[in-house]
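Lettering of chains follows the sequences in order, A, B, ..., and the numbering in each one begins at 1. Computed over heavy atoms, backbone and side chain alike; hydrogens, waters and symmetry mates excluded.
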Amino acid sequence: MASPPVGQTEIIPLNAAQRTAVEHLHGPLLVVAGAGTGKTRVIIERILYLLDTIPELQGENILAITYTNKAADEMKARLRRRGDKRAEDVGVYTFHAFCYELLRRHDEAVRILDAIDYWIFLRRRLDQLGLDIFKRLAEPGRFLNAFREFFSRCQDELVSPADYARYVEELAAAFEKEKNLLAEDERREREEELRRQWELARAYEAAERLLAEAKRTTFGGSLLAAVKLLESNAAVREHYQDRLRYILVDEFQDANIAQIRLLELLAAKHQNITAVGDDDQAIYRFRGASYASFRLFARLFPNRREITLAHNYRSTARLLRVATELIAQNEKARFDPKKKLIPTLPPGEKVRLVEVEDAAAEAAHIASELKRRYERTGSYEGSAVLYRAHLHRNALVQALTRARIPFVVRGLSVLTNTLVRDLLAYLRAIENPRDNIALARLLAIPAWQATPEMLFELIQRAQRERTSLAAAIESLHPAVRDQQTPLGALLGLLAELRRRAAELSLMELFDLLLERLELRLLPADPDRPSFDAFVAFLKRWEEEKSQTRRLAEFLEYLDYFEEADGRIELPEDRERRDAVQLMTVHSAKGLEFDSVFVLRLNHNEFPTRRRNPLFEFPLALMKEEHPPGDFHIQEERRLCYVALTRAGRRLDLVTLAGERQRASIFLEDILRDARVAREVEQARAAPAPVEPPAGAVPEWEALFAARQNGACYSRIVQWATQGPVPEAEEPLRLSHSDVETYLKCPLKYKLAHRWKLPGAATPAMLFGKIMHSSVAEFWRARREQRPVSREELQHIYEQQWRQSGWPFRDAYQEREYRSSGWEQLQGFYERHAGEPVAVLELEKTFHWPWQDVVLTGRMDQVNRLGERAVEIIEYKTGQPRPAKKVEKDLQLALYAAAAEQHLGWVPRRLTLYNFTVNEPISFLPTERNVTRALDTVLRVADGIRAGDFRARPGFHCRYCDYQRLCPEYEQPPAAAPAGDAAPPTEDVQKN
DNA sequence: AAAGGTCTATTTTTT
DNA sequence: ATAGACCTTT
């Protein structure tokens with residue numbers, strides 16, 4: 001428990017229902033135990049009662065199953081406390097740990113891959129998955145998460161690759177029969193869908209085969225395999241059936257079909273199975289939990305006994321009244337629609353419902369409430385803030401940091417920690433001397449004594465000399481070679497470690513790095529837990545996952561890890577009690593707090609908007625009936641119920657009431673009945689205090705002050721948000737891509753175009769360049785009246801590849817790009833080889849002074865159509881866009897304007913030629929679109945001149961090079977805990 | 001009322 | 001990239 005239990009302690013005697021559940025001896029038992037009714041206690045007491053009552057019963061005859069390791073550990077600890085050997089021997093497992101052990105008896109070598117490692121496993125074997133429709137050259141891993149989720153869903157439902165293939169065969173057969181009766185477009189649609197299904201079935205089969213060959217399995221796979229083993233192997237089955245005389249399952253509402261089948265098999269002989277849970281708290285449907293686990297249990301064990309625990313020992317009566325009213329709206333979907341919690345505590349305070357203007361006001365409100373309570377009680381213990389999605393906490397984290405309120409965030413990746421990011425920057429700069437982003441980060445570490453101005457100067461020089469930042473340092477300061485200057489020392493350090501990287505393992509190299517940096521963290525350092533988690537991650541990789549143990553392989557792994565949305569989480573912080581707990585509602589399940597805030601109770605936030613998976617698990621394969629009503633809202637409502645029932649004495653609900661915000665339907669649920677509404681006190685919070693300037697977190701410098709030791713703690717985020725900016729050249733020069741970059745993210749524009757810090761090239765960009773220059777070569781020859789044969793074009797193309805090289809590591813991607821590029825070029829050749837040449841310009845650049853800016857650009861090709869009439873052609877690689885989108889394309893509209901108003905042409909036609917489809921789209925931009933494009937340019941110019949460079953996080957961040965420098969992805973340093981964090985005892989020398 | 005255009009935000013999590 | 005919500009136009 002995250003706080004001392006407010007409810008029933010073990011001294012209070014069991015109530016009648018609890019006692020009946022504990023003392024039930026023979027046959028199946030279903031315990032429907034609402035929130036706070038002492039369900040874990042019943043399980044423990046029941047195990048102890050069985051051991052006491054049946055003398056010949058051994059610990060190993062009892063199996064207790066939970067969902068999380070944490071729950072299992074807690075149960076073990078409570079059994080151990082009994083000090084009874086038999087109680088200690090009771091098998092307490094998670095479902096997956098149990099299956100894993102079962103499988104390992106038959107194959108010692110089997111290992112389980114978690115979701116991220118499975119993603120990486122598949123990513124490295126993409127070429128063997130037989131992908132065609134679900135192949136994306138620019139983003140090879142694009143569909144892997146969807147695949148992984150789908151495979152896992154299949155396994156939850158006990159559907160093997162062979163089962164799925166059979167299902168698709170049936171679909172195909174049905175289609176064959178009907179297809180002559182179908183209208184043309186419907187037939188085509190069905191064919192299309194069938195091909196997708198075949199590919200899905202093939203990929204599932206291939207993925208499982210690859211896992212088996214590598215002696216790996218997944219969580220879902222291990223469950224399916226365990227069930228198959230028990231079904232097919234009588235000896236194993238009977239062994240377990242004999243041994244397991246009593247089986248108890250906690251949180252049964254979250255069981256999926258495979259887990260229920262497993263239990264059925266294990267309990268077949270003795271039938272002594274106890275399922276405990278609360279269907280109102282079923283919140284894991286999205287990962288396969290059955291719609292109706294309780295109903296399935298009832299069907300499998302018709303002679304079960306059923307007990308309902310209704311007395312709640314956690315929450316005040318008022319609070320329960322509100323929570324109960326909410327969940328009652330799920331009526332149709334509930335196992336027992338009438339179930340109600342019975343309060344045992346006094347009425348207590350009213351539930352508070354507060355309307356605030358926006359996210360900042362929400363954060364400010366919660367922070368000031370917390371502060372008020374602290375002033376009253378002298379502690380932050382026992383308070384939690386719960387939210388639906390991690391994103392909802394961002395403003396709050398800032399507000400709490402600013403207010404110096406200690407807090408612990410669950411599920412935060414240490415990859416957002418400044419120190420960890422710095423160490424990673426060192427590792428990256430060691431591995432790749434041309435990694436400018438990493439080096440920029442390092443330059444902002446005080447120990448190296450660089451300034452933003454120095455960085456800008458270096459960037460300029462690197463650009464002029466077409467080299468890396470590191471090379472620019474050497475050429476700017478020849479003195480660095482003798483390592484007398486701080487920058488020289490930095491380069492020297494990187495070079496030394498780079499030399500050693502060949503012979504040292506990752507951990508050896510990392511230790512050497514720490515030694516050189518003289519990084520010393522005191523046990524009480526707020527960064528200690530993040531640092532430790534990071535080191536544990538490195539170790540674990542080296543020992544369990546790596547082939548070579550070398551830095552290069554690790555960085556490849558880490559890139560994939562991040563692409564797969566992997567997080568390195570802090571172990572749960574049991575020590576820091578005097579802190580507010582921030583977590584998602586999901587991770588709050590099973591916990592209780594004296595005081596709970598639930599935030600963002602808004603339409604489309606909580607409940608979240610409905611979203612369907614890319615690959616829907618087919619209804620036809622589902623082994624259970626679908627529940628009535630709107631399942632999404634029901635599940636979200638259960639989640640909200642979980643949130644409300646975490647609270648003991650105080651519950652604060654917060655909703656945004658800004659102009660475009662609607663309240664959550666759950667608030668309506670609660671307020672609909674006037675008698676319940678009376679238990680809620682409604683208020684409107686004071687307007688939010690004025691926010692500090694964009695992106696600024698003023699206290700960072702103060703928070704850094706305590707961390708002066710070691711050559712770490714980069715100030716790059718402050719440089720990026722508050723530091724000086726190189727003077728802009730006036731008039732401002734803007735290309736279409738500058739404009740688009742600024743619109744996407746002003747901070748990215750600032751770093752890429754004002755700082756001019758170059759990001760890394762991407763495979764897609766390289767491919768685009770190769771295709772463009774191949775075509776330009778082709779037209780250049782044609783313009784000179786030289787016919788070009790297909791072989792010559794191929795020669796040109798291959799020449800381009802040779803010149804560029806492939807600086808990326810993914811050989812599969814290169815192969816695919818290379819062959820697909822040639823195929824596309826041949827399509828282009830078919831179309832244009834015989835065409836008369838009308839090329840007026842190739843790669844025509846322009847600088848058009850317009851109003852107070854200069855518009856720049858480069859037209860791929862301009863064809864002559866008449867006296868002054870021209871066609872402007874742009875070539876594109878990658879996913880084609882529909883014609884409608886193309887017609888509003890900013891780039892082409894600007895080119896049209898430049899052609900007409902600056903180059904003296906009459907653009908008759910703008911053509912976008914996409915290589916992928918080999919189908920040009922031609923149009924003439926409307927007056928309106930041109931005006932709009934030019935307006936956009938002016939708007940952007942205004943923003944730039946006003947110095948508005950706020951980061952705009954979003955979808956595009958995924959492939960943004962500057963993420964490693966971005967304030968949106970870096971947590972402010974934690975406030976040092978008052979008092980006990982002594983300053984470093986020695987002033988560490990800085991290199 | 002329907003259609004089309006524009007804006008906006010893109011989960012939750014265990015093993 | 002994409003879907004859904006919301007806004008505008010017909």
With [X], which residues qualify under salt bridge (Lys or Arg N to Asp or Glu O under 4.0 Å), at least two apart?
| X | value |
| --- | --- |
| A/Asp279 | A/Lys339 |
| A/Glu199 | A/Arg202 |
| A/Arg567 | A/Glu569 |
| A/Glu605 | none |

### Query
Do the side-chain N or O atoms of A/Ser587 get closer than 4.0 angstrom to the phosphate oxygens (OP1, OP2) of B/dT12?
no
### Message
So, OP1 or OP2 of B/dT13: does either fall under 4.0 Å of a side-chain N or O from A/His390?
### Response
yes
### Query
Can you name the side chain to side chain donor-acceptor pair (under 3.5 Å) partners of A/Arg662, sequence neighbours left out?
none
### Query
How would you list, by chain and number, every residue that makes a side chain to side chain donor-acceptor pair (under 3.5 Å) with A/Thr741, sequence neighbours excluded?
none
Looking at [options], which one has an atom nearest to any side-chain atom of [X]?
| X | options | value |
| --- | --- | --- |
| A/Leu391 | B/dT13, B/dT15, B/dT10 | B/dT10 |
| A/Thr584 | B/dT15, B/dT11, B/dT13 | B/dT13 |
| A/Thr68 | B/dT14, B/dT10, B/dT12 | B/dT14 |
| A/Asn69 | B/dT13, B/dT15, B/dT11 | B/dT15 |

Send over the distance from [X] [atom1] to [N] [atom2], rounded to a whole Å.
| X | N | atom1 | atom2 | result |
| --- | --- | --- | --- | --- |
| A/Asn256 | B/dT14 | CG | C1' | 11 Å |
| A/Leu386 | B/dT11 | CG | C1' | 16 Å |
| A/Arg600 | B/dT12 | CZ | P | 13 Å |
| A/Glu251 | B/dT15 | CD | C1' | 15 Å |
| A/Phe95 | B/dT15 | CZ | C1' | 12 Å |
| A/Leu223 | B/dT14 | CG | P | 17 Å |

Please tabulate the protein-to-nucleotide N/O contacts below 3.5 Å involving nucleotides 4-6 of chain B, giving atom names and distances.
| residue | atom | partner | partner atom | Å |
| --- | --- | --- | --- | --- |
| B/dT6 | OP1 | A/Arg932 | NH1 | 3.1 |
| B/dT6 | OP1 | A/Arg932 | NH2 | 3.1 |
| B/dT6 | OP2 | A/Lys888 | NZ | 3.3 |

### Message
Classify A/Thr608 by what it touches in the nucleic acid, base, sugar-phosphate, or nothing, heavy-atom distance under 4.0 Å.
### Response
base
### Query
Distance only, no hydrogens: is a donor on one side chain within 3.5 Å (strictly under) of an acceptor on the other, for A/Gln253 and A/Glu251?
yes
### Message
When you measure from the centre of the six-membered ring of A/Phe617, is the NZ or CZ of A/Arg153 closer than 6.0 Å and no more than 45° off the axis?
### Response
yes
#### Entry: Pairing residues for A/Tyr817 by the ring-ring contact (aromatic ring centres under 6.0 Å, His included) criterion, not counting sequence neighbours
A/Phe767
### Task
Going 5' to 3' through nucleotides 2-10 of chain C, assign each nucleotide B (protein heavy atom under 4.0 Å from a base atom), S (under 4.0 Å only from sugar-phosphate atoms) or - (no protein heavy atom that close).
---SSS---
#### Entry: B/dT13 versus C/dT2 - spacing of their C1' atoms, nearest Å
24 Å
